[in-house]
Colleague: 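Quick one: the structure is below, questions incoming.
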Amino acid sequence: MLQVVCIKQVPDTETRVKVAGDGRTLDPAGVTWVMNPFDEFAVEGALQVKEKAGAGEVVVISLGGAGVQTTLRNSLAMGADRAIHLKNETASPDSLSVAKALAAAIKELNPQLVWLGKSASDDDAAQVGPMLSELLGLPCVTVAASFALEGTTAKVEREIEGGREQIEVPLPAVITCDKGLNQPRYPSLKGIMAAKKKTIEERATDLGSAHVELVALELPPARAAGRIVGEGAAAVSELVRALREDAKVI
Amino acid sequence: MSILVFVEQRDGQVRSVSREALGQATALAATFGGPVVAVCCAAADPGLAALGEAGAEQVLFAQHEAFASYDGAGYAAAVAAAIASVNPKVVLFAGSSMGRDLAPRVAAKVDAGLATDCTALVVDGGKLVATRPVYAGKALQKVSFPGAVALATLRPKAFAAPEAQAGKTAAVSALAFTWDASAPRAKVTAVVGASGGKVDLTEAEAIVAGGRGMKGPEHFAMLEELAGVLGASVGASRAVVDAGWRGHGEQVGQTGKTVSPKLYIAVGISGAIQHLAGMSSSRCIVAINKDPEAPIFKVADYGIVGDLFEVLPALTAAIKQLH
Ligand SMILES: Cc1cc2nc3c(=O)[nH]c(=O)nc-3n(C[C@H](O)[C@H](O)[C@H](O)COP(=O)(O)OP(=O)(O)OC[C@H]3O[C@@H](n4cnc5c(N)ncnc54)[C@H](O)[C@@H]3O)c2cc1C
Ligand SMILES: Cc1cc2nc3c(=O)[nH]c(=O)nc-3n(C[C@H](O)[C@H](O)[C@H](O)COP(=O)(O)OP(=O)(O)OC[C@H]3O[C@@H](n4cnc5c(N)ncnc54)[C@H](O)[C@@H]3O)c2cc1C
């Protein structure tokens, strides 16, 4: 069975955010790029399904500039079989345009499972997975916290406010992954060597017109300086007074 | 130019996050000049006429027996039909687990732009501009929408619920939509309560969160006691969740939940950037930490430097005395 994993390359979470000269985007100078943390769970999920079945193919796909090949290579080192790089250098595609480009590439692969992260850790849009499912006409479970395949039905759990939904979804399906779904593996030395021989197919990709326009990227207003009300248990009475009388939150 | 609001219900109860969306819709309607229309998917009417009290003038009721539990594809078909029918300028969803799943599906169906997890919506020169935190809260992105209709999900607790207009009712009518429930779909087979009916972190008015400084799972009883007297929910840092002391559902931060309570008390949490990403939009932040240099004090409104094992019991006792 063929599975697809969609991977986004994002700035490392420790990145210092500097607004670029255009006032609308991130200044890329000095940014370290990594695989979106949630996509690691997606790669691991696909690899586990393949290993359990003892056969199949895992295709990873990423849309972005030349840099995304490092991240694709990394997922090949984890164990994915081959990669597709949808080449697009423009810095500002919106989620729906990205989903459309991914859908077009994925359709012809005819996968049984399409894996994504629940959201990208840079702009945290959490849009691409459910959009992709509508565009592909496939059922979808977002924010999966557990996953078990029984025949051609997946049993998935997702967290909702105050509980968990247990869901059954027939394949083919789209799954977006939450932290905790599994424990993503580190690439082994053997995996890293093997990845060098795997192919990354490049395809020029056009994104069409955007559905969302960037107006500005701004640094958030600094929180008004707080104060240390005191040390140890002796400070508790002043804290309680301040919460009650000044902040009015208790 | 109407404003459409997706109103969510679970178990026959309209959820309070939808009232926050209705409140914001009323504010937008004042500028765009249109009525506020709600659309709700359910198996049976959860008392939709009462949405008038929260500002809805009309309610479109999408009824289907399969809507006793959430169905993303079915709900999306219904909301897309509502959009085609009322032709709104803006469509608002709560940024709840349901809204986050549903809004992108609808956006793909109607080919419209969507801004998720918004913390502010303003109208600038006749155009809607949405503000949303990005890069782990280290920046704010402002976006606008070139298309005819704009979709947005609202961060829970970032928008105030409107004062109820007692006795006001909305006109409820049935929404016609087509959806084939027999096609392959993701079916909810059960909903199990993991947090025993407690308020979810994302919707809590107050949160008491513990970090590695708590030293072990057994000490969280102290936090729970403080949470109990405050009517708060318990949260945790990732260090605590990864150590297995608390469940993933309690993790606050970039890879956990984003919360905006009125009061957030961080106990034995250092304040790593990934943790701040999930809680820095809280209204009032209190930090209790023995290290005066801990970064959490930079975002805290009030801090106590000290040993949490002394401060916590004293705080719980002091708050008990208030009641
Ligand atoms: C107007 C505008 C300007 C923007 N400008 C910038 C910018 O300057 N720099 C920048 O970095 N971003 C920018 N973005 C955001 C970003 O490039 C797209 O929104 C993004 O590629 C779509 O993914 P997401 O973050 O919305 O994904 P989400 O929906 O949050 O991601 C969910 C999952 O979708 C999959 N996925 C997402 N994107 C890709 C991808 N490209 N390839 C393969 N799989 C993917 C992954 O599995 C991911 O875990 C901009 C967005 C807008 C709307
Ligand atoms: C990709 C990525 C995503 C991440 N996502 C998240 C996330 O979603 N949420 C999250 O929280 N973290 C996240 N992290 C982890 C984050 O970087 C920190 O490691 C984590 O938040 C630290 O947890 P902590 O504050 O509990 O522990 P520590 O940093 O170890 O802090 C413990 C604090 O307790 C104090 N302390 C100790 N004993 C006492 C005492 N007796 N009395 C009072 N104070 C005491 C110490 O002074 C210290 O400040 C992420 C990291 C990465 C790389």
Side-chain angles (χ1 to χ4, degrees), chain A residues 11 13-15 17 26 37 94 96 99 121-127 130-131 133-135 139-143 159-170 179-180 210-220 223 226-233 235-237 239-240 242 247 249-250, chain B residues 72-73 96-97 100-101 104-105 107-109 112-117 129 134-136 138-147 184-195 197 200 202-203 230 248-249 254-255 262-263 274 284 299-306 310-311 314-315 318-319:
Chain A
T13 52
E14 303 286 349
T15 297
V17 169
L26 178 71
D94 67 327
L96 187 49
S121 68
D122 51 356
D123 51 15
D124 201 18
Q127 298 191 18
M131 283 174 165
S133 80
E134 287 292 335
L135 297 168
C140 170
V141 182
T142 56
V143 201
E159 208 199 307
I160 59 167
E161 295 78 5
R164 278 184 159 215
E165 276 178 347
Q166 298 179 334
I167 297 169
E168 284 187 16
V169 58
K179 174 178 176 269
H211 306 77
V212 178
E213 276 168 4
L214 255 196
V215 176
L217 185 70
E218 295 169 357
L219 299 183
R223 283 185 79 95
R227 67 184 173 102
I228 303 284
V229 298
E231 285 186 20
V236 161
S237 57
L239 174 66
V240 171
V249 289
I250 57 173
Chain B
S96 57
S97 63
R100 283 172 73 101
D101 184 273
R105 297 177 193 256
K109 267 191 146 30
L114 164 66
T116 48
D117 199 30
V129 176
V134 292
Y135 302 115
K138 286 180 278 188
L140 297 173
Q141 191 182 54
K142 293 191 173 168
V143 298
S144 66
F145 307 82
R185 65 184 178 101
K187 243 185 236 167
V188 175
T189 51
V191 176
V192 290
S195 49
D200 190 71
T202 54
E203 293 168 15
L230 281 169
H248 175 61
Q254 184 165 33
T255 41
K262 268 194 206 150
L263 174 63
Q274 299 91 353
C284 177
V299 299
D301 299 280
Y302 304 106
I304 292 185
V305 177
E310 287 166 20
V311 177
L315 183 56
I319 289 169

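Quick caveat: nothing in here was measured; it's all calculated off a predicted structure.
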Colleague: Would you call Phe145(B) and Glu213(A) a side-chain contact if the rule is heavy atoms closer than 4.5 Å?
Modeller: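 Result no, sub-4.5 Å side-chain heavy-atom pair not found.
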
Colleague: Examine whether an atom of Arg223(A) lies under 4.5 Å from a heavy atom of chain B, and if so say whether it belongs to the side chain, the backbone or both; otherwise answer neither.
Modeller: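 Side chain of Arg223(A) only, per the 4.5 Å heavy-atom cut-off to chain B.
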
Colleague: If you compare all heavy atoms of Gly162(A) against all heavy atoms of Asp200(B), which two are closest, and at what distance to 0.1 Å?
Modeller: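 The answer is N-OD1, 3.5 Å.
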
Colleague: Between Pro184(B), Pro146(B), Cys284(B), who has the most heavy-atom pairs with chain A when the cutoff is under 4.5 Å?
Modeller: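 With the most close heavy-atom pairs to chain A, the winner is Pro146(B).
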
Colleague: Which heavy atom of Leu214(A) sits nearest to which heavy atom of Val143(B), and what is that distance?
Modeller: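 Minimum heavy-atom separation between Leu214(A) and Val143(B): CD2-CG1, 3.9 Å.
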
Colleague: Quick one: does Arg100(B)'s side chain have a donor or acceptor within less than 3.5 Å of a partner on Val143(A)'s backbone?
Modeller: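 Flag not set: sc Arg100(B) to bb Val143(A) has no pair under 3.5 Å.
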
Colleague: Checking heavy atoms, do the side chain of Gln254(B), its backbone, both or neither come under 4.5 Å from chain A?
Modeller: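 Contact with chain A is through both the backbone and side chain of Gln254(B).
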
Colleague: Could you check which of Lys262(B), Lys138(B), Glu310(B), Gln274(B) has the highest count of heavy-atom pairs closer than 4.5 Å to chain A?
Modeller: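 With the most close heavy-atom pairs to chain A, the winner is Lys138(B).
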
Colleague: Which residue out of Asp117(B), Leu315(B), Ile319(B), Val129(B) racks up the most heavy-atom pairs below 4.5 Å with chain A?
Modeller: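 Looking at each of Asp117(B), Leu315(B), Ile319(B), Val129(B) in turn, Leu315(B) comes out on top.
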
Colleague: For Ile160(A), which atoms come within 4.5 Å of any heavy atom of chain B: side chain, backbone, both, or neither?
Modeller: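 For Ile160(A), the contact with chain B is made by backbone and side chain together.
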
Colleague: Non-hydrogen atoms of chain B under 4.5 Å away: do they reach the side chain of Ile228(A), the backbone, both or neither?
Modeller: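 Both parts, backbone and side chain.
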
Colleague: When only pairs under 4.5 Å are counted, which of Cys140(A), Ser237(A), Ala247(A) shares the most heavy-atom pairs with chain B?
Modeller: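 Of Cys140(A), Ser237(A), Ala247(A), Cys140(A) has the most heavy-atom pairs under 4.5 Å with chain B.
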
Colleague: Quick one: of Asp301(B), Leu263(B), Val311(B), who has the most non-hydrogen atom pairs under 4.5 Å with chain A?
Modeller: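 Result: the option with the highest number of such pairs is Asp301(B).
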
Colleague: Not counting sequence neighbours, which residues clear side chain to side chain donor-acceptor pair (under 3.5 Å) with Ser96(B)? List them please.
Modeller: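 Scan of Ser96(B) (side chain to side chain donor-acceptor pair (under 3.5 Å), adjacent residues dropped) gives Glu8(B).
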
Colleague: Under 4.5 Å from any heavy atom of chain A, what part of Ala190(B) do you find: side chain, backbone, both or neither?
Modeller: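 Both parts, backbone and side chain.
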
Colleague: Kindly say whether Leu96(A) contributes a backbone atom to a donor-acceptor pair with the side chain of Gln127(A) at under 3.5 angstrom?
Modeller: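 No, the answer is negative, given that no donor and acceptor are paired below the 3.5 Å cut-off.
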
Colleague: If you look at every heavy atom in Ser133(A) and Pro130(A), which pair is closest and at what distance?
Modeller: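 So the two residues come closest at OG-O, 2.8 Å.
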
Colleague: Glu165(A): which residues meet the salt bridge (charged side-chain N to carboxylate O under 4.0 Å, His left out) condition with it, sequence neighbours left out?
Modeller: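 Counting only residues at least two positions away or on another chain, Glu165(A) forms a salt bridge (charged side-chain N to carboxylate O under 4.0 Å, His left out) with Arg158(A), Arg10(B).
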
Colleague: Are Asp122(A) and Val134(B) packed together at the side-chain level, in the sense that at least one heavy-atom pair is separated by less than 4.5 angstrom?
Modeller: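 Not in contact.
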
Colleague: Below 4.5 Å, heavy-atom pairs only: which of Ala318(B), Ala108(B), Ser144(B) has the largest tally toward chain A?
Modeller: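 That would be Ser144(B).
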
Colleague: Quick one: what part of Thr202(B) sits under 4.5 Å from any heavy atom of chain A, side chain, backbone, both or neither?
Modeller: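 It is the side chain, since no backbone atom gets that close.
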
Colleague: Closest heavy-atom contact between Ala139(B) and Leu217(A)?
Modeller: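 Nearest pair, atom of Ala139(B) first, then Leu217(A): CB-CD1, 3.9 Å.
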
Colleague: Most heavy-atom pairs under 4.5 angstrom with chain B, which of Gly180(A), Pro139(A), Ala216(A)?
Modeller: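 Highest number of heavy-atom pairs under 4.5 Å: Ala216(A).
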
Colleague: Is it the side chain or the backbone of Thr142(A) that comes within 4.5 Å of chain B heavy atoms, both, or neither?
Modeller: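 Both backbone and side chain.
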
Colleague: So which heavy atom on Thr116(B) is nearest to which on Ala125(A), and how close?
Modeller: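 Smallest heavy-atom distance, with atoms named: OG1-O, 2.9 Å.
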
Colleague: Would you check if the side chain of Asp94(A) reaches a backbone N or O of His211(A) as a donor-acceptor pair within less than 3.5 Å?
Modeller: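 Yes; judged by distance alone, with no hydrogens or angles, the pair exists.
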
Colleague: Indicate the atoms forming the closest heavy-atom contact of Asp101(B) with Pro104(B), along with that distance.
Modeller: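 Heavy atoms only, the tightest pair is O-CD, 3.6 Å.
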
Colleague: Specify which of Glu159(A), Glu231(A), Met131(A), Gln166(A) makes the most heavy-atom pairs with chain B at under 4.5 Å.
Modeller: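 Heavy-atom pair counts peak at Gln166(A).
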
Colleague: Given heavy-atom pairs under 4.5 angstrom as the criterion, report whether the side chain, backbone, both or neither of Val240(A) touches chain B.
Modeller: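 Contact with chain B involves the side chain of Val240(A) alone.
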
Colleague: Less than 4.5 Å to any heavy atom of chain B: does that hold for the side chain of Ala99(A), its backbone, both, or neither?
Modeller: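 It is neither, since no heavy atom gets under 4.5 Å.
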
Colleague: Who wins among Gly147(B), Gly249(B), Gly72(B), Ala136(B) for the most heavy-atom pairs under 4.5 Å with chain A?
Modeller: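 Option with the greatest count: Gly249(B).
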
Colleague: Contact part of Leu230(B) toward chain A, heavy-atom cut-off under 4.5 Å: side chain, backbone, both or neither?
Modeller: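 The side chain, not the backbone.
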
Colleague: Please flag which part of Glu134(A) lies under 4.5 Å from any non-hydrogen atom of chain B: side chain, backbone, both or neither.
Modeller: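 Contact with chain B is through the side chain of Glu134(A) alone.
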
Colleague: Considering only heavy atoms and a distance below 4.5 Å, find which of Lys179(A), Glu218(A), Glu14(A) pairs most often with chain B.
Modeller: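 Ranked by heavy-atom pairs under 4.5 Å with chain B, first place is Lys179(A).
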
